[in-house]
Participant: 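The structure under discussion is supplied below as structure tokens; questions concerning it will follow.
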Amino acid sequence: MRAALRSRTIRVFAVTQVLLEVQFWFPVYLIYLLDLGFPLTTAVLADAVFRLVAVACEFPVGVLADRIGRRRTYLVLAGGTVLTFAAITQIDSLRMLFGAWILWGVVWALSSGAANTYLYELCLQDDREISPAKAFGLMRVIGNLAVLASLLAAGYLYEADPRLPFAITAALAAVAFLLALTLPEIVGPRASSTLRSVVADLRAAATIRGVRRAVWLGALLLLFGWSARILFQPLALELDMSTRATGWMYAAFAAASVLGGLAAGYVGAAHRRTALAAAFLFVFAALVATSQAAALGPFLFLPALGFGYTLGTTVLDIFTNEVAPQAVRATVFGVIACLGGLGIAVARPGLGVLADDHSVPFAFGAWAVAGVLLLALAAPGIRRISRPPL
């Protein structure tokens, strides 16, 4: 990982990515809407619209990103982040609320592959021959450290001014935009922009076994690991944890994610199968354990879930970049996010209903049972992932 930091390009990209990864908004956005006077039903509806927009935009935004180039896509992502969070600070009506959340959904979809594809191709283009695995591990570590710091600071910022977490996020994204202007564009042939060529490129990519495995495993892990996060706050409430303790719960999760990214940086191609199997099993074991001993969940089992999920997604990000043709690399990440997002759109509300009707441990157990099927579906792809991709 030190080798990656010797490259000025990677250092600038790392700082830029840290500025875009902060999540000052995450612990407080629902509270913010309630304090603005919106009823909980409206806030939940806005979140549903956000999810639908994000899922609907994943594929077309990925296609667009492959056509306009990595640097331009990254600049659009940074600029869109500025506009989104600046708009959130100015919400004063229902129309403004849904407008900001729709814009956020588009930006969220754009983020699915923008950083991953750009970083991978920067590593290949840099004359220092940087290992993508080390660079991706580094980005996961510093990204999750940024998340950890911002989560811990969010409550204090909100107490100072409810708009401050969102304003700071917008300001940091503006700095990221300026830094991204100094990054190089990727040298190489630009993807053709006609619809016929897009279809032809996608059909060619679909014939590659490695691409099919990457899409399948990426969507399954996204569905399995991300859906369970809907139960984190209900678990804290059921355990009667204070706001401060809940913040530390999220901090522990982020800290474990840092370790997952660090571990992923040392996973070579020959050990990907073992790492991915471990990632899925970590998530599964955490779900089972939390369902049986909920009191230990916040500071033991949920961090284990974060470690496994980050380990698996980082390894799969590297593998996906390797096997996907450059012309459709961002589109492939969009397909993964779209397929996983469709499952998440069903799973998250379902888990919320189970937690409300029964208990949070019951919902964790139910998702673990569903995980048996997801593990069975993932096993063939994991078993073959170390083989040559073509």
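Counting from 1, the numbers follow the sequence of the chain as shown. Just so you know, these numbers use all the heavy atoms, side chains as well, and skip hydrogens, waters and symmetry mates.
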Participant: Are the ring centres of Trp104 and Trp25 closer than 6.0 Å?
Facilitator: yes
Participant: Any salt bridge between Glu121 and Arg329, counting N to O under 4.0 Å?
Facilitator: yes
Participant: Do Phe50 and Leu94 belong to the same hydrophobic cluster, where Ile, Leu, Val, Met, Phe, Trp and Tyr are linked whenever their side-chain heavy atoms lie under 4.5 Å apart, directly or via other members?
Facilitator: yes
Participant: Do you know the tightest heavy-atom contact between Ala275 and Leu311?
Facilitator: O-CD2, 3.8 Å
Participant: Would you say Glu21's side chain and Ala146's backbone share a donor-acceptor pair under 3.5 angstrom?
Facilitator: no
Participant: Is it the case that the side chain of Thr331 and the backbone of Gly62 share a donor-acceptor pair, with hydrogens and angles ignored and the cut-off at 3.5 Å?
Facilitator: yes
Participant: Answer yes or no: are there more than 12 heavy-atom neighbours, outside Arg229 itself, under 6.0 Å from its atom CZ?
Facilitator: yes
Participant: Can you check whether Arg71's main-chain N or O pairs, donor with acceptor, with Glu185's side chain at less than 3.5 Å?
Facilitator: yes
Participant: Over all heavy atoms of both residues, which pair between Ala214 and Val323 is shortest? Give the atoms and the distance, please.
Facilitator: CB-CG2, 4.2 Å
Participant: For residues Ile336 and Trp216, determine if any side-chain heavy atom of one lies less than 4.5 Å from a side-chain heavy atom of the other.
Facilitator: no
Participant: Compare all side-chain heavy atoms of Pro325 with those of Ile208 and state whether any distance is below 4.5 angstrom.
Facilitator: yes
Participant: Answer yes or no: is there an ion pair linking Arg272 with Glu322, defined by an N-O contact shorter than 4.0 Å?
Facilitator: yes
Participant: Under 3.5 Å, side chain of Thr310 to main-chain N/O of Phe307, donor-acceptor pair present?
Facilitator: no
Participant: Is there a donor in the side chain of Arg348 and an acceptor in the side chain of Ser227, or the other way round, less than 3.5 Å apart?
Facilitator: no
Participant: Checking Trp367 side chain against Phe224 main chain: does a donor-acceptor pair fall under 3.5 Å?
Facilitator: yes
Participant: Report yes or no: do Tyr309 and Phe319 belong to one cluster of Ile/Leu/Val/Met/Phe/Trp/Tyr joined by side chain heavy-atom distances under 4.5 Å?
Facilitator: yes
Participant: Using the rule given for side chain to side chain contact (heavy atoms under 4.5 Å, CB included), can you reason through Arg67 versus Val63, listing the C-alpha separation, both sets of side-chain angles and the distance that settles it, and then say yes or no?
Facilitator: CA-CA 7 Å; Arg67 266 98 204 124; Val63 173; 4.0 Å; yes
Participant: What pair of heavy atoms forms the shortest contact from Cys123 to Ala135, and how long is it?
Facilitator: SG-CB, 3.5 Å
Participant: Below 6.0 angstrom between ring centroids: does that apply to Phe26 and Tyr250?
Facilitator: yes
Participant: Mind checking whether Phe136 and Thr314 have side chains closer than 4.5 Å, heavy atoms only?
Facilitator: yes
Participant: Without swapping roles, check the side chain of Asn321 against the backbone of Asp317 for a donor-acceptor pair under 3.5 Å.
Facilitator: yes
Participant: Go through Tyr32 and Phe166 one step at a time and tell me if the ring-ring contact (aromatic ring centres under 6.0 Å, His included) criterion holds.
Facilitator: CA-CA 10 Å; Tyr32 177 65; Phe166 309 98; 4.6 Å; yes
Participant: Could you check if a side-chain atom of Met241 sits within less than 4.5 angstrom of a side-chain atom of Pro298, using non-hydrogen atoms only?
Facilitator: yes
Participant: I need the minimum non-hydrogen distance between Ala205 and Val211, along with the two atoms involved.
Facilitator: O-CB, 3.5 Å
Participant: Are Val55 and Ile230 connected into the same hydrophobic cluster when the rule is that any two of I, L, V, M, F, W, Y join if their side-chain heavy atoms are below 4.5 Å apart?
Facilitator: no
Participant: Mind checking side chain to side chain donor-acceptor pair (under 3.5 Å) for Ser112 and listing every partner two or more places apart, or none if nothing turns up?
Facilitator: Glu58
Participant: Run the numbers on Phe284 and Val372 for side chain to side chain contact (heavy atoms under 4.5 Å, CB included), then give the verdict.
Facilitator: CA-CA 8 Å; Phe284 176 73; Val372 174; 3.8 Å; yes
Participant: Other residues, nucleotides and ligands only: do more than 12 of their heavy atoms fall within 6.0 Å of CG on Asp357?
Facilitator: yes
Participant: Determine, using the 4.5 Å side-chain heavy-atom cutoff (strictly less than), whether Val76 and Val82 are members of one ILVMFWY cluster.
Facilitator: no
Participant: Under 3.5 Å, is there a donor-acceptor pair between the side chain of Asp201 and the main chain of Val328?
Facilitator: no
Participant: Quick check: do Leu316 and Leu221 have side-chain heavy atoms less than 4.5 Å from each other?
Facilitator: yes
Participant: Under a single-linkage definition using a 4.5 Å side-chain heavy-atom cutoff for Ile, Leu, Val, Met, Phe, Trp and Tyr, are Trp248 and Leu148 assigned to the same hydrophobic cluster?
Facilitator: yes
Participant: Check whether any side-chain heavy atom of Val346 lies under 4.5 Å from a side-chain heavy atom of Leu342, and answer yes or no.
Facilitator: no
Participant: Less than 6.0 Å separating the ring centroids of Phe13 and Tyr74?
Facilitator: yes
Participant: Give me the atom names and distance for the closest heavy-atom approach of Leu239 to Ala294.
Facilitator: CD1-O, 3.6 Å
Participant: With the side chain counted from C-beta on, respond yes when Leu164 and Tyr158 share a heavy-atom pair under 4.5 Å apart, and no when they do not.
Facilitator: no
Participant: Test your reading of the model: is there a side-chain donor-acceptor pair from Arg273 to the backbone of Arg383, 3.5 Å cut-off?
Facilitator: yes
Participant: Please check if the side chain of Arg70 supplies one atom and the backbone of Thr117 the other of a donor-acceptor pair under 3.5 Å.
Facilitator: no
Participant: For side chain to side chain contact (heavy atoms under 4.5 Å, CB included), just list the numbers for Leu77 and Thr81, CA-CA rounded to whole Å, side-chain angles, deciding distance to a tenth of an Å, and then say yes or no.
Facilitator: CA-CA 6 Å; Leu77 171 61; Thr81 303; 4.2 Å; yes
Participant: Tell me whether Ser150 contacts the main-chain N or O of Val22 through its side chain, where contact means a donor paired with an acceptor under 3.5 Å.
Facilitator: no
Participant: Considering non-hydrogen atoms only, spot the tightest contact between Met249 and Leu302 and give its length.
Facilitator: SD-CD1, 4.1 Å
